[in-house]
Structures are given as C-alpha cells and as structure tokens.
Asker: 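Have a look at this one before I ask anything.
Note that ligands are numbered from 1 as they come in the structure, with each ligand's atoms numbered from 1 the same way. For clarity, every value in this text was computed on a predicted model and none was experimentally measured. Position 1 is the first residue of the sequence; numbering continues from there.
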Amino acid sequence: EDNVYKYYSDGVWKKSSSGKSVAIINPTTRKTQYKVQACTQEEVNKVMESSKIAQKAWAKTPLWKRAEMLHKAAAILKENKAPIAECLVKEIAKPAKDAVTEVVRSGDLVSYCGEEGVRILGEGKFLTSDSFPGNERSKYCLVSKIPLGVVLAIPPFNYPVNLAVSKIAPALIAGNSLVLKPPTQGAVAALHMIHCFHLAGFPKGLISCVTGKGSEIGDFLTMHPGVNCISFTGGDTGIAISKKAGMVPLQMELGGKDACIVLEDADLDLVAANIIKGGFSYSGQRCTAVKVVLVMESVADSLVEKVNAKVSKLTVGPPEENCDITPVVSESSSNFIEGLVMDAKQKGATFCQEYKREGNLIWPLLLDHVKPEMRIAWEEPFGPVLPVIRINSVEQGIHHCNASNFGLQGCVFTRDINKAILIGDAMETGTVQINSAPARGPDHFPFQGLKDSGIGSQGITNSITMMTKIKSTVINLP
Ligand code: G3P
C-alpha cells in the first residue's frame, strides 16, 4: 500500500517487508486516519545492529558538536510545529492549541538538553587514595560519565512527541544511540518529529523509529540483547517490561492517582481553578491529572459548587475547534471510563452533572460523596471524570493518598505553609505541589513516582545522568 507511513532505519525511510500495516483510528471520527508499517522482528534486529555501530562513532563525536546538532533539531522541530500538531489533533484528539504547545515545549526540551549536557557531562571528578585508611597518596582516580549504548524509548499516546524527545535528547547528548517505538495513536506525529532529527543531519543509524503491533515486536524489543537501557512511560505494561527486561537500567513512569487534599483554610477559588486545570485538561488523560479530590467536609459544599460552576463552562467537542473536553483516545478507553462511572452510580455516588457520552466523547463529570468501596476511589479513569471524597480530618486524606498503589504526585491546598510542608512530607508521592495542581513541568524539574508509579527519576538533568554509566581511570604512582 502506498499510503502507509514508512519507518526509519539506518537513516532511510523504509517499507516493512511484512507487507502489513497498523491502522490509526481518529478518536473523533472513529475512522482510520493514517496507517503505519507493521515492522517485523527481522527489521528490529537490523535496527539494533546499525544502532550499535552508529553509537560507537557518536560517542567519539565532541560533546559540543552533539549539542549543536540538538539545537539544530530543536529549531527544525519548532519550525514544523503546525504539521506535527495537526497529526496530534487527528491521532489523539489533543485540542489544537495544546498540540502546538506540545511541539514547542518539545523543541525547548531538546535545546535545554544540549545546554545541560555540555555542562554536566563536561565535568567529572577527581579522587585521591589517601582519604581511605591504610593508603598513601599514590592513586589518583579520574571519574567520568560514559554512554550506556543503545537506549530504547517507549512513550505513551498522551504525549507522543514530548515524551519521546524527553527520552531521545538526553540519550543523544550523553552519547547513546536511540531506538524509538512510538505509541500506535501518535505514531505519525512521532515519525514527523523523527524527520526533524533526520533533517538536522544526525549520522545514519543513530536514531531509528520502528512502528508496529506491540504483540509482535513489543516484547522482542524490550527483551532484545542489543538494548542497553529502557525508558518507558505508560501504564501497567511497564510492570510487565520490568519483569522481562534484562540487566539494563530502567526508567519508568507508570501513571498515578494524584490526590488533591483541600484544607478548611484553603483559597477555594484557587482550588477550583486548579481542579479544573488539573482534572480536566486534555480530558484527564495525563498521568499527573488530579484524580481524586479529598476535601474537608466543612468546605466541601462550597468547593463542589465552585467546581461545578466551572465545569458547566467547559466546552465539549472536537479537538479542531479547541474544545476543552475532546474525545478520549479509544473506544476501549471510553468503555473503561464508563465502567468506573456505572460502578460509582450503583454504589451511590452523587452525580453533579448528567453522565453523557457520544462515541468516544465523554462530558466532564464530577462525582461527589465517593466512598472507598467504589472503584473510582482507587483506579485512574484517564478521562474527564473526577471523584470527590469528603474527609473529616487531614489524617484521613493522607491515609487515602498513601493507601493507593500509585505514588506519582499529589497536591495540598492551605494558607498555612507549615501544615502544607508537614502534609507534603507525609504524602508518599514522588512530588508534592503546594497550592497548585500536579504537573511534570517545567521539564528540568525532577519527575518521579513511588510504588507502582515508576522506577528512577526523570527531568532533563536526571535523564541525562541516568543514561550514562560511571567510568573510573586510576593512575597508580610509583
Ligand atoms: O501523562 C504524562 C505525564 O508525564 C504528564 O505530564 O506535563 O501533563 O504534567 P504533564
């Protein structure tokens, strides 16, 4: 077929020998929008081979040159923001404005990696032996950071471009080669992004992008002996990958159930605005979305009223029209969300709005008086549905937050900074936001999850460091 997007291997755009393709369904129209190659295991092997060869030469390329190329790729990416954003709109129904923001943010991230890389990789450590008992000053130890080799990057559908470059750029600046397996929804946006790196002139084989069915090449990629590091963002699949992967460093971010704890003295207008932004942007399809509100009973009525007033103003419709709430990514996702809503209904939650769904479009819904026995108290809907649990003490809120198997981020709203710090310390999450909704960015901040939310820490600096290994050279004096 001619209308199938090619995959990228050895610096060339190629058709798969499988003769098969994978369809990308537009979440809004529910019709096939694009097709990508269904790559074979053989093709993955080839990619791994050229990736290994390209990495050796790349590691010897001066750091400043690697940085220069990243700056070039960043500029090309930003110049091409419109066509890439267009794909995001069609593939994952991201509101048009947010789609452009994602690409611009990605360009900035790539540049920042170049900047940060030349600083942190351009310096090492020097130790002398005489600080350890029994030693003379006869050994000098030079410590530097060396690349890992081939990095496998697997981003999720919600940021196919941004969460790809957040793995690609750190890997490249650190001297690694990179194999990208984009999510099916978002694969074409990712291929366009890769083309920007291609235009920037990176050596052939250094960056590859294979598309296809997870069932055919997923495990094959993650268990491939040629892979030296895996950076994954997504759902439960990450837990399965961690069990199957070999002895390679893993960086994983696997979702969350971010709690928003609201105290009696909180600025309720600020809280309501943040619940809307945190809970409903990109229709709740963010790992860092506010996924449960834990509000003190005495201010709950007032808060719910304020949030409802704002929910009623959210626009619902197609991403092309920049609506606030757009169709969720797939039919199975819509069905899953509906399952959580129906479970809550059956168990007696208060529906602040009427539940409404057309195809994959789900109207924003606030569920009040949610109880711990409801699934939505614990599971992430990844949709525009937000549960409110009324609490009688701060301890009850902290307890609910910590009883979750997730521990990505959380937030606390209060005017008392001392209380905020203490509650933040007690919350078992990788990040706590005081008086604002959870968010990953700015992208140089550390970003990590506890428990089932992930392994390792991301953020530009941490990702660069994670994609390197320490090398020591010891000079032994006579
Ligand atoms: O869902 C992915 C996660 O990385 C969220 O990022 O920028 O929406 O907080 P952000």
Asker: Do Lys94 and Tyr159 meet the cation-pi criteria used here (NZ or CZ under 6.0 Å from the six-membered ring centre, within 45° of the axis)?
Answerer: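 Yes, a cation-pi geometry.
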Asker: What pair of heavy atoms forms the shortest contact from Pro318 to Thr326, and how long is it?
Answerer: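 For Pro318 and Thr326, the tightest heavy-atom pair comes out as C-CG2, 4.1 Å.
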Asker: Is it true that, when you exclude Lys469 itself, more than 12 heavy atoms of the residues, nucleotides or ligands shown sit nearer than 6.0 Å to its NZ?
Answerer: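 No.
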Asker: With a 4.0 Å heavy-atom cut-off, what residues sit around ligand 1?
Answerer: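 Contacts of ligand 1 under 4.0 Å: Arg105, Asn158, Tyr159, Leu163, Glu253, Arg286, Cys287, Thr288, Ala439, Arg440, Phe447.
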Asker: Keeping to residues at least two apart or across chains, list the side-chain hydrogen bond (donor to acceptor under 3.5 Å, both in side chains) pairs with something in residues 161-170.
Answerer: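 Those involving residues 161-170 are Ser106-Asn162, Asn162-Arg440, Lys167-Ser231, Lys167-Thr233.
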Asker: Once ring pair (Phe, Tyr, Trp, His ring centres under 6.0 Å) is applied, what residue pairs with a partner in residues 308-336 remain, sequence neighbours excluded?
Answerer: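 Counting only pairs at least two positions apart or across chains, no ring pair (Phe, Tyr, Trp, His ring centres under 6.0 Å) contact touches residues 308-336.
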Asker: Name all pairs fulfilling the side-chain hydrogen bond (donor to acceptor under 3.5 Å, both in side chains) condition that reach into residues 169-194, sequence neighbours left out, sorted by first residue then second.
Answerer: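 As it turns out, the side-chain hydrogen bond (donor to acceptor under 3.5 Å, both in side chains) pairs with a partner in residues 169-194, which skip direct neighbours, are Ser51-Ser177.
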